[in-house]
Structure formats: structure tokens, C-alpha cells
Amino acid sequence: MAAAAASSADRDPRIEGVLRDAEQFYTGQLAGSWAPAYLQQRGITATVMGEWHIGYAPGGWTALTSYLRGRGHHNDAIQAAGLARISSRGTLIDHFRDRVMLPVHDEQGTLAGFIGRARPGTGPDIPKYLNGPATSTYKKGDLLFGLHHTRDHLARGATPVITEGPFDAIAVTLADPHHYAGLAPCGTALTSRQAAALSRAADLRHTGVLVAFDDDTAGRKAAVRAYHILRPISDRLQSVTLSGKDPAEILETDSPAALQAILQDRVRPLSAVVIDAHLDPWESRLRDIGGPLLAMRNTAALIARLLPPETAGAIRQITRNTQLLMLDERMRPVANPELPEIARMLPADTICQIIRTAERLGFTDYSDVLAEVANAVTRNTARPRVAPHAPAPQLAGESFPHPPPTVPASTGLAAVRPGGPGTRPKLAR
């Protein structure tokens, strides 16, 4: 809460007054514009428009500026609030023109600024979404659209759903406000400061976090980044499979119930998205001899890097900082009694990463991926164990725990189910 207190102390009452009057102006302009029909088409009713204080910025050059001057605000305060800028002629003009206006609040509920959505059909040179400039109140990397609006639901256990845009966030909340709270970064990729603000509003260890990004290259990249940002504050991270439509489009073309069903049923661990994104560049090499093995070892190194420090330290203790041998000199599988112990103490998302790697690469025995992860943890300092007088190695009949470790149903992760005893990796052809 120290960060929140610090931001409160930095507030400029002049800017707060300008922003409040601007919001009143924008909401008053909504009814006579094209915006209500557009919003209704997107599944946003008049009641919802009022609840979210959605407004409209007229298309004139100085409509807001003139209004604010009439309310007694000076040019420097209007500009400092991020609502106007100096034109090429040296006059003050509105920053937002002919746009649907969405207010953005900080985590204390104080109005920080606005996001403007352009009229549909505008040219490619006009940005679809326009954020306010950086000001003392509008710091994009600190703000999550929807956090203030859904704070009560989050406090009662609703799952936060991080989306790409503000209308996606509104759609998620409309779909089922008691179970899902839609949120969106304000013109940036998700930041650690936004994640920290979310963690102060919700018990993320209990609720987890759901990520609902587009299923394209940019969306997968954003999901991977979100995993790294969110992993330190929650181990219950999931991703929604949207299948070509973002949440706002699902609300518009289908219904709130359809979106609610997708949020509930089409989910998978976010860690699996991380593995898929890492393996995608390997796809063309998987038909090569040894390609799946190289890809598996490379991915195991990634999984090892993602381990919490305490887990990596425990693995080093179990293996005594030595590499695990998988085959003897006759190329027969070696049983490693350390593997069941390692598997039982792994975080749930690490288990999911190991399973996903094995599934993508055609390995029927998850223990090989697990052993490579353990070896990656100790690779820099380990030496392979040599036992010249040891008895003949046994087949790896218990290389992954049997019965396997299971992930509690509340995490949404499936139980670990390795191949049968004695199985070795079989590569898909």
C-alpha cells in the first residue's frame, strides 16, 4: 500500500478538477452523437454506458477546451491534465476529438485520464485507440482499465481476466461480473507495476489470473510476457482460447452467455502457451533425425530457467549437483530414483510445462523431459555420475512417479499421467 499512498500524495488538485469537469462534459455530449448507436451494436446498453461513465468527445478543435475555460480552468491546467495540446499555430486544441471516451481510474478510484476510441470507418492514419499523454496522474504503466470498476467483485473472489483492450475488459465483466473481472493495460504491454496494483486488489493466490489475448503472433507474445510478469504473484495462471474472436466481438456477435461459457470452458494453463511459443520455431526441424531430442533439451533448459529459486535449489540438493544419466554404455535406459522425488516437489505449472513439451514432441515418457530439466539446473557445475563397479542398470520403470503427482482441481490443471512403467521416449514421425 506504500506505492498507493505515494501516488495519492503526488496528486494535483487543479488537474483532478479539470478531469472531473471533462468527464461531465464528455458524458453530457454522448446522447447527441453517433456513439450510443455504435455502443448498442457492440452489446453495451444505455445502463452500462452510465455505469462505466462512457462519453463522447465532439469533433471540433476546441469544444472541450472552451468548456473548461468557461468552468474557470486555466490553459496550463488543461494541458497538464493531458486534455489539450499546442497546435502548429500556437493555439490550444483538444487532444481527443470525435471519439467515444472511456475514463481511466487509478487503484484508489481517482480519475486519472481517458482513452478515446475513434469513429468506425476512419482512415488508417487515425489510431483506433488514443491514450492521453503522460501526466502526473496518467502513467500508463501503472494503470489497469477496469480495476476500479471491478474492485468489489475482485474483493469477493472474482477471477481477474486480463484482455488486450478496454472494450474487451467491459465485455468480460458484462459476461459474468460475479465470477470474472475484465481488465486491460492502457496502451502498453502488461507491466510489473500493473500486476502489483492487481495483487493489492485481489487475492491472486486464491483467484488466479486468466489471460484473454488474441490467438495470433502478437497475442501469444503478449501472453508469454504476461506469464513472466504474473508468475511471481500467482501460481494459478490460465489462458483463454478465443478462436479468432476477441471478447468484445463475442459479446457483439453472440451473447454474454456465450462469452461466459468460453471463459469457463476454453481454458488451459498459461505455462502451456509459453511452451508452445518456444517450440513453434522448432516445427520445421522436428522431422529431422534428432530434431525432437534437440528441441526437448532446449525447452527443458527454458523450463529450468523459469523455476522458482527455491525449487531449483531443492533439485540441486536431490541430485547432489550431479547430472542424471539416462542411458548406460550399452545405450540401455537407467533408472534414476531421484526423479520421483523431484517430480513430487515441482510447482503445478512446471508439471504442465513438462507434459506439454512431451506431448508436442511425441515423447511417451515424461521422465525424459523431467531429467533434462534437472540436468539443466545443474549443468554449469555438474559432472556425470560414473559407477564403474555398479550392478547392471535397471530399466527406468519408475522414472516419473507412479501414481503420478496430481494438481488440485482448483488450479484447473489436469493430473499428470505419464507413460506406463518401463516406457521410453517414442518420437512421433
Side-chain angles (χ1 to χ4, degrees), residues 1-7 104-109 139-164 168-169 172-173 179-213 219-240 263 267-275 277 302-314 345-353 407-413:
M1 297 300 292
S7 63
V104 181
H105 299 79
D106 64 21
E107 61 180 299
Q108 290 80 45
K139 301 172 183 177
K140 292 190 291 185
D142 294 346
L143 300 168
L144 275 175
F145 178 84
L147 182 60
H148 166 63
H149 192 89
T150 61
R151 175 175 288 278
D152 290 343
H153 296 303
L154 289 168
R156 289 194 291 267
T159 299
V161 182
I162 299 177
T163 67
E164 291 192 7
D168 294 325
V172 165
T173 301
H179 293 97
Y180 300 105
L183 308 167
C186 298
T188 67
L190 185 69
T191 69
S192 58
R193 299 191 304 281
Q194 291 165 339
L198 176 58
S199 70
R200 290 189 287 269
D203 181 5
L204 300 182
R205 297 290 177 182
H206 172 70
T207 65
V209 182
L210 194 57
V211 171
F213 294 156
R220 287 189 293 272
K221 184 177 179 181
V224 171
R225 175 182 171 83
Y227 175 86
H228 294 292
I229 294 293
L230 295 169
R231 184 62 184 83
I233 58 177
S234 179
D235 57 3
R236 299 185 58 194
L237 306 177
Q238 293 184 302
S239 176
V240 181
L263 294 171
V267 297
R268 62 171 178 155
L270 185 56
S271 56
V273 178
V274 175
I275 296 302
L302 169 66
I303 296 172
R305 291 195 299 271
L306 295 176
L307 286 171
E310 60 273 16
T311 303
M345 45 78 66
L346 289 177
D349 65 336
T350 303
I351 294 174
C352 291
Q353 290 166 347
V407 179
S410 61
T411 66
L413 304 179

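With hydrogens and angles ignored, the 3.5 Å screen pairs no side-chain donor or acceptor of Q238 with any backbone N or O of L270. Between the E107 side chain and the D142 main chain, no donor and acceptor come within less than 3.5 Å of each other. Remark: side-chain polar atoms of T311 are not paired, donor with acceptor, to backbone N or O of L346 under 3.5 angstrom. In this structure, R151 contributes its side chain and A201 its backbone to no donor-acceptor pair below 3.5 Å. The closest donor-acceptor contact from the side chain of S234 to the backbone of L204 lies under 3.5 Å. Between the side chain of R220 and the backbone N or O of V273, no donor-acceptor pair lies under 3.5 Å. No donor-acceptor distance shorter than 3.5 angstrom exists from the side chain of T150 to the backbone of H153, with no hydrogens or angles considered. For the pair S271 (side chain) and C352 (backbone), a donor-acceptor distance under 3.5 Å is absent.
I229 is not listed as a side-chain neighbour of T191, based on a closest heavy-atom distance of 4.5 Å or more. Contact annotation: the side chain of T159 never approaches that of H179 to less than 4.5 Å [non-hydrogen atoms, C-beta and beyond]. Taking the side chain as every heavy atom from C-beta outward, V274 and P269 never approach each other to under 4.5 Å. Q194 is not listed as a side-chain neighbour of L183, based on a closest heavy-atom distance of 4.5 Å or more. Looking only at side-chain heavy atoms (C-beta outward), T350 and L306 stay at 4.5 Å or farther from each other. T188 places none of its side-chain heavy atoms less than 4.5 Å from the side chain of L143.
When all heavy atoms of R225 and A189 are compared, the closest pair comes out as NE-CB, 3.4 Å. Across E164 and A184, no two heavy atoms sit closer than the pair C-CB, 4.4 Å. Nearest heavy-atom pair across I233 and S199 is CD1-CB, 4.2 Å. Residues V104 and F145 share a closest heavy-atom pair of CG2-CD1, 4.0 Å. Here the closest heavy-atom approach between residue A226 and residue F213 is recorded as CB-CE1, 4.2 Å. Of all the heavy atoms in G208 and P160, the pair that sits closest is O-CD, 3.3 Å.
Note that the CG atom of L147 and the CZ atom of R200 stand 9.5 Å from one another [nearest 0.5 Å]. For the atom pair CG (L144) and NZ (K140), the distance works out to 14.0 Å, reported to the nearest 0.5 Å. The structure places NZ of K139 at 10.0 Å from CG of D106, a figure rounded to the nearest 0.5 Å. Rounding to the nearest 0.5 Å places CG of D168 at 13.0 Å from CD1 of I162.
The number of heavy-atom neighbours closer than 6.0 Å to NE2 of H206, taken from other residues, nucleotides and ligands shown, is 12 or below.
None of L230, L190, T163, V161 except one satisfies the side chain to side chain contact (heavy atoms under 4.5 Å, CB included) rule with V211; the exception is L230.
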Kindly indicate, with the supporting measurements, whether the criterion side-chain contact (heavy atoms from CB on, under 4.5 Å) is fulfilled by L198 and L154. CA-CA 9 Å; L198 176 58; L154 289 168; 4.3 Å; yes

